[in-house]
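Let me begin by presenting the structure, written as structure tokens, before commenting on it.
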Amino acid sequence: TIHCISHRFELALKDSLLNNKLNKTTADVRDFLISLFYLFKKSPKLSRMMKATGNTMDVQTYKFKKVHGTRFVAHLRLGLRALINDYVILLQTLEHCVATKKMSPKLPATLRKLQDVRFLTACCFLLQLLDILTPLSLAFEKASVLSHEVQIQVLQTQVQLQELAKEDKSLQEVLKYGGFELKDSVVEQRMLKLGHHRKPDVQKQYVMMSYDGMKRGCQPETVISTYCNQVLPAIEKSLNDRFETFDDKVFQNMRWIDPSLWNEDPMEDLQQLKFLANHLQKRSASVDSPEVCDVKEAMLEKEWKDFRLLCKTLYPKFTTKQLWKQIFIYRRKNYPNICKLAECVLSVGPSNSSVEAGFSHLTALLNDRRLSLSHETMENLLLLKVNHLVLTASEREDILQKALDEFLKPGQKRKQKMDDGLEEHTEKRKKPNEEEGEESENEEIEVLEEDLPSGEEDLYFSDISDIEH
């Protein structure tokens, strides 16, 4: 099965980080977050008590996030961050509820879980691990990574994982990453002051909160050693297995598309162009479509030297996508062979996130207030929404004008009909029997003449003529 890069990344983490045979700690934390989410969702009273406790202590509290029903790492990180931010306040709230015995019977087990130092250590180390993995996951979700950049991004993440495994952190260092400090059975947390979550980082103020009642149990240092010695190497191996196809020579010869990866010697990049041109010509010939990549290799060397000079002179600070957008619009005639190769490279999409986003946009368009939209109208709206970065202003205007002309076409069925003027409106209201209508109108005028006072006939009929005009 061939998966896009987003799915490959999530499957790699499922094989390693969420593998119960390898390590049950991450799965326990995830299950706890799910139960905590439903506990507060089904108990508004408990939510109010926790918020009131935070307001009394003048600290900011956060809602617990939904971490299930999704495969993305960023959602798990948000849920874990909310738990860590509310950790001490949550402990105090649950302890009060257990003492009063007026809440759910699940609270004592939840409180015991939170009081375990091993669980707190796992949460803090997992947060540090997710902070490394989340940027790569978000980059894959947004489809901001080109095909030749996938392997580079994965290697950078693997280097960060190796550094994390070699640091050999102590228990206090791991807890400090989450904002905690442990002294015997007392844990202190640096919590954000109430109402300061929207302020800039320079203006934010913090309050130190403490809780006495933590229980060490088994050695919490074993959690750190398990992650460093087993989980992190497993993640690195899973990433290698899932993304080994991107370590191909074809993708390596696509790096000329990015000016930041150019070599000092232009001939080295020219070899990449020639290799890619030969590869694409062979592939197009095998499917009986030689016109797909009809590149003249004899012209590549001259075009490439001029193209490098042009980019360094006029587009030194442009990103890859910005550069090629300008080249395709204004310089295509000057570099036809390079543009053909660039189109082939940029058309290889490593992620299908844009396709999945298109389904989400379509779901948002077709709601209860837009049930009468035709298929053609929905197609045009989706085309404008999804391809707004690709379409030019003239192409967008053509799509809108075509839809407007179709809407104004004569004989089109509409719920509301357009009136071009009073004369057309009066003509539509007239019945086919015009002669009978004229006779009845003359009789009505004669009756009106008799009823009107003397001297006001001219005024009345002048008003009627104005209305008809």
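This structure is a prediction, so every number in the text was calculated from the model and none was measured.
A 4.5 Å side-chain heavy-atom check between R216 and L182 finds at least one atom pair inside the cut-off. Taking 4.5 Å as the limit, every side-chain heavy atom of L13 sits out of range of all side-chain heavy atoms of S238. You'll find the side chain of R81 reaches within 4.5 Å of the side chain of D131, heavy atoms only. H279 has its side chain out of reach of K282: every pair of non-hydrogen atoms, C-beta onward, lies at least 4.5 Å apart. The shortest side-chain heavy-atom distance between L46 and M50 does not fall under the 4.5 Å cut-off. In this structure, T319 and W324 have side chains that are not in contact, with every pair of non-hydrogen atoms separated by 4.5 Å or more. Under the 4.5 Å side-chain criterion, counting only non-hydrogen atoms from C-beta, L310 is not in contact with D306. Looking at heavy atoms from C-beta onward, Q92 lies in side-chain contact with M209 at the 4.5 angstrom threshold.
Between F180 and Y87, the ring-plane angle classifies as perpendicular under the 30° and 60° cut-offs. Below 30°, between 30° and 60°, or above 60°: for F32 and F119 the angle between ring planes is above 60°, a perpendicular geometry.
Between S137 and F9 the shortest heavy-atom distance is CB-CE2, 3.6 Å. The two residues T320 and P259 come nearest to each other via the heavy atoms OG1-CD, 4.1 Å. Closest approach of L192 and H197 over heavy atoms only: CD2-CA, 3.4 Å. Summarising the geometry of V67 relative to G79, their closest heavy-atom pair is CG1-CA, 3.8 Å, with the distance given to 0.1 Å. Pairing each heavy atom of L127 with each of L80, the nearest pair is N-CD2, 3.5 Å. When all heavy atoms of Q219 and T222 are compared, the closest pair comes out as O-OG1, 2.7 Å.
A donor-acceptor pair under 3.5 Å is formed between the side chain of Q60 and the backbone N or O of G195. Between the side chain of Q203 and the backbone N or O of P200 there is no donor-acceptor pair closer than 3.5 Å. Looking only at distances, no side-chain donor or acceptor of E181 sits under 3.5 Å from a matching main-chain atom of E188. In this structure, R242 contributes its side chain and R8 its backbone to no donor-acceptor pair below 3.5 Å. Of the possible polar contacts, none joining the T53 side chain to the T93 backbone as a donor-acceptor pair under 3.5 Å is found. A donor-acceptor contact shorter than 3.5 Å is absent between the side chain of D247 and the backbone of F243.
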Report the C-alpha distance between L314 and R331 in whole Å, list the side-chain angles of each, state the deciding distance to 0.1 Å, and finish with yes or no for side-chain contact (heavy atoms from CB on, under 4.5 Å). CA-CA 12 Å; L314 298 181; R331 307 284 179 175; 3.4 Å; yes

K305 and E301: salt bridge (charged side-chain N to carboxylate O under 4.0 Å, His left out), yes or no, with the steps? CA-CA 6 Å; K305 291 181 179 179; E301 183 174 356; 3.6 Å; yes

Verify side-chain contact (heavy atoms from CB on, under 4.5 Å) between F251 and T245, making sure each step is shown before the conclusion. CA-CA 9 Å; F251 293 105; T245 55; 5.7 Å; no

Run the numbers on N334 and E303 for side chain to side chain donor-acceptor pair (under 3.5 Å), then give the verdict. CA-CA 8 Å; N334 299 335; E303 288 185 13; over 6 Å; no

Applying side-chain contact (heavy atoms from CB on, under 4.5 Å), run through H148 and I257 and close with a yes or a no. CA-CA 9 Å; H148 68 279; I257 202 80; 3.1 Å; yes

Stepwise side-chain contact (heavy atoms from CB on, under 4.5 Å) check, L76 with L33: CA-CA 9 Å; L76 180 60; L33 291 174; 4.0 Å; yes

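The number of heavy atoms from other shown groups lying within 6.0 Å of NE2 (H96) does not exceed 12. For NZ of K51, the number of neighbouring non-hydrogen atoms (other residues, nucleotides, ligands) closer than 6.0 Å is 12 at most.
Screening V159, L164, L232 for a side chain to side chain contact (heavy atoms under 4.5 Å, CB included) with I132, the sole residue that qualifies is L164.
The ring-ring contact (aromatic ring centres under 6.0 Å, His included) test applied to Y335 returns F307, not counting sequence neighbours. Listed by chain and number, the residues in a side-chain hydrogen bond (donor to acceptor under 3.5 Å, both in side chains) with K169 are Q128, E167 (sequence neighbours excluded). Every residue was checked against the ring-ring contact (aromatic ring centres under 6.0 Å, His included) condition with F275, not counting sequence neighbours, and none meets it.
K402 has no carboxylate O lying under 4.0 Å from a charged side-chain N of D405, or vice versa, which leaves the two without a salt bridge.
Atom OG1 of T25 sits about 11.0 Å away from atom CZ of F125, to the nearest 0.5 Å. Between the CG atom in L126 and the CG atom in L83 there is a gap of 10.5 Å [rounded to 0.5 Å]. Atom NE2 of H7 sits about 12.5 Å away from atom CZ of F140, to the nearest 0.5 Å. Annotation: the span from N23 atom CG to N229 atom CG amounts to 11.5 Å, rounded to 0.5 Å. A distance of 6.5 Å separates CG of L129 from CG of L161, quoted to the nearest 0.5 Å. Interatomic distance, CG of L239 versus CD of Q151, reported as 9.5 Å (0.5 Å rounding).
Under 3.5 Å, the side chains of D86 and T61 contain no donor-acceptor pair of N or O atoms. Counted by atom type alone, S6 and E10 present zero donor-acceptor pairs between their side chains at under 3.5 Å. Inspection of the N85 and Q189 side chains reveals no N or O donor paired with an N or O acceptor under 3.5 Å.
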Enumerate, atom names and distances included, each donor-acceptor pair closer than 3.5 Å involving a side-chain atom of residues 262-273, sequence neighbours excluded.
from, atom 1, to, atom 2, distance (Å)
W262, NE1, W256, O, 2.6
N263, ND2, E268, OE1, 3.4
N263, ND2, D269, OD1, 2.9
D265, OD1, M267, N, 3.2
D269, OD2, N263, N, 3.1
D269, OD2, R308, NH1, 2.8
Q272, OE1, W256, N, 3.2

Please table the atom pairs, donor to acceptor, closer than 3.5 Å between any side-chain atom in residues 106-117 and protein atoms at least two apart or in another chain.
from, atom 1, to, atom 2, distance (Å)
T110, OG1, K106, O, 3.1
Q115, NE2, Y211, OH, 2.8
D116, OD1, R118, N, 3.1

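Each ring-ring contact (aromatic ring centres under 6.0 Å, His included) pair with one or both residues in residues 43-66, not counting sequence neighbours, appears once here: F40-F64.
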